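I have placed the structure first, in the form of structure tokens, so that the comments after it can refer back to it.
Below, each value reflects all heavy atoms present in this structure, side chains not excepted, and no hydrogens, waters or symmetry copies. The shown structure was predicted, so the numbers you read here are calculated from the model rather than taken from an experiment. In what follows, residues are counted from 1 in the order of the sequence shown.
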Amino acid sequence: INKSAYGIFTTVSLMLFAGAYYEMLPTTIPEVLGFVTGVVCVWLVVKENMWNWPIGIANSVFFLYTFWKANLFADSMLQVVYIVLGFLGWYWWQYGGDSRKELTVGRVSYIEMILLAIAAGAGTIYMTDYLESVKDAAPFLDAATTVSSLVAQYLLSRKYLENWYVWIVTDVVYIYLYIIKELYLTSVTYVVFLILCFIGLVAWRKTWNKQLDSSSVNSIHSTMAINS
């Protein structure tokens, strides 16, 4: 991102803080903090920067408060799980690779993908029933996005490329959900997340292809060394 983009983001963030503080905008300070830390976090994920995890943990704290106040109980509980996965992801990215080195971009196996899909379907059905019993504001959408977000976050914590596909679908639903809940800044935040997801998908695919090329070259060199 160039300097002008940083300048625009900083200006918008300061305006949002001022609007929330002086009650000139239909938002709150925690929601603004969620917006700021969320955008920074996702951009750092795109760049495969380890600092995305502590900032993401802070983001979950701000959204936990925001969603609880909006009676989105599943999303509130989701933030607690995000905090736990945040610490796990932080550890896995740093030590989850070969010989406890940094984790590289990988691909999820077909078996793991099928198991995650089955778990997601079952989890959505169960959580929808539960949320209906506690008078959640949007039981099915809340349940579906909660479960799909957990799947996406798990894939992200393992640095699987497929996490971006799940996030893209999930964010589209989130945008609609937060609009009908009148969490307008949060819905705008997820529009930004959606854009960053497409950027992240392209960037990570490039990284994956480079890793494949590098592996092919190393394999050729190893074969030549053995033959010689």
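Residues Y160 and N163 approach most closely at O-ND2, 2.8 Å, considering heavy atoms. Here the shortest heavy-atom pairing between W90 and P54 reads CH2-CB, 3.7 Å. The two residues Q211 and V105 come nearest to each other via the heavy atoms NE2-O, 2.7 Å. The shortest heavy-atom contact between V166 and A152 is CG1-CB, 3.6 Å. A pairwise comparison of heavy atoms in G56 and C41 identifies CA-SG, 3.6 Å as the closest pair. L194 and I168 make their closest contact through CD1-O, 3.6 Å (heavy atoms, listed as atom of the first residue, atom of the second, distance).
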Check against side-chain hydrogen bond (donor to acceptor under 3.5 Å, both in side chains), S149 and Y174
CA-CA 10 Å; S149 293; Y174 267 134; 3.0 Å; yes
Give the intermediate values and the outcome of side-chain contact (heavy atoms from CB on, under 4.5 Å) for residues F140 and L131.
CA-CA 8 Å; F140 174 72; L131 292 176; over 6 Å; no
Does the pair S148 and V169 meet the rule for a side-chain contact (heavy atoms from CB on, under 4.5 Å), with working shown?
CA-CA 9 Å; S148 62; V169 175; over 6 Å; no
Verdict with supporting geometry, E31 and Y184, side-chain hydrogen bond (donor to acceptor under 3.5 Å, both in side chains)
CA-CA 10 Å; E31 192 177 9; Y184 300 118; over 6 Å; no
List the steps, then state whether side-chain contact (heavy atoms from CB on, under 4.5 Å) holds for W43 with N52.
CA-CA 8 Å; W43 178 246; N52 85 85; over 6 Å; no
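With a 4.5 Å cut-off on side-chain heavy atoms, W164 and V45 count as touching. With contacts defined as side-chain heavy-atom distances shorter than 4.5 Å, the pair L25/M15 does not qualify. Between L44 and W53 the shortest side-chain heavy-atom distance does not fall below 4.5 Å. Between V32 and S13 there is no side-chain heavy-atom pair separated by less than 4.5 Å. Residues T146 and M77 have side chains not in contact (no heavy-atom distance under 4.5 Å, counting atoms from C-beta outward). Put simply, the side chain of L201 does not reach to within 4.5 Å of the side chain of W167, judged on heavy atoms. Between T186 and F63 there is a side-chain heavy-atom pair separated by less than 4.5 Å.
Judged by distance alone, with hydrogens and angles left aside, the side-chain atoms of K181 form a donor-acceptor pair with the main-chain N or O of A70 at under 3.5 Å. The closest donor-acceptor contact from the side chain of N209 to the backbone of R205 lies under 3.5 Å. A donor-acceptor pair is defined here as one N or O able to donate and one able to accept, closer than 3.5 Å; no such pair exists between the side chain of N59 and the backbone of T37.
Every residue two or more places apart in sequence or in another chain was checked for a ring-ring contact (aromatic ring centres under 6.0 Å, His included) with F35, and none qualifies.
Taking CG of L85 as the start and CG of L156 as the end, the distance is 9.5 Å to the nearest 0.5 Å. Rounding to the nearest 0.5 Å places OH of Y65 at 11.5 Å from CG of L33. Once rounded to the nearest 0.5 Å, the distance linking CG of L64 with NZ of K69 reads 12.5 Å. Taken to the nearest 0.5 Å, the CD1 atom of I180 stands 11.0 Å off from the OG atom of S187. The OG1 atom of T27 sits 4.5 Å away from the CG atom of L185 when rounded to the nearest 0.5 Å. Atoms CZ and CG, on F67 and D142 in that order, are 9.0 Å from each other to the nearest 0.5 Å.
Cluster annotation: M50 and I83 are assigned to the same hydrophobic cluster (Ile/Leu/Val/Met/Phe/Trp/Tyr, side-chain heavy-atom contacts under 4.5 Å, transitive). Tracing side-chain contacts under 4.5 Å through hydrophobic residues (I, L, V, M, F, W, Y), one never reaches L115 starting from Y154; they form parts of separate clusters. L155 and V42 are assigned to two separate hydrophobic clusters, defined by single-linkage of ILVMFWY side chains at heavy-atom distances under 4.5 Å. The cluster map of Ile, Leu, Val, Met, Phe, Trp and Tyr, joined by side-chain heavy atoms under 4.5 Å apart, puts V202 and V172 in different clusters. One hydrophobic cluster, built from ILVMFWY side chains closer than 4.5 Å, cannot hold both V151 and L78; they sit in different ones.
A cation-pi arrangement is absent between K159 and W92 under the rule of less than 6.0 angstrom and at most 45 degrees off the ring axis.
Heavy atoms from other residues, nucleotides or ligands lying under 6.0 Å from CH2 of W68 number 12 at most.
Taking the centre of each ring, F9 and Y6 stay at or above the 6.0 Å mark. The six-membered or imidazole ring of F87 lies away from that of Y91, with a centre-to-centre distance of 6.0 Å or more.
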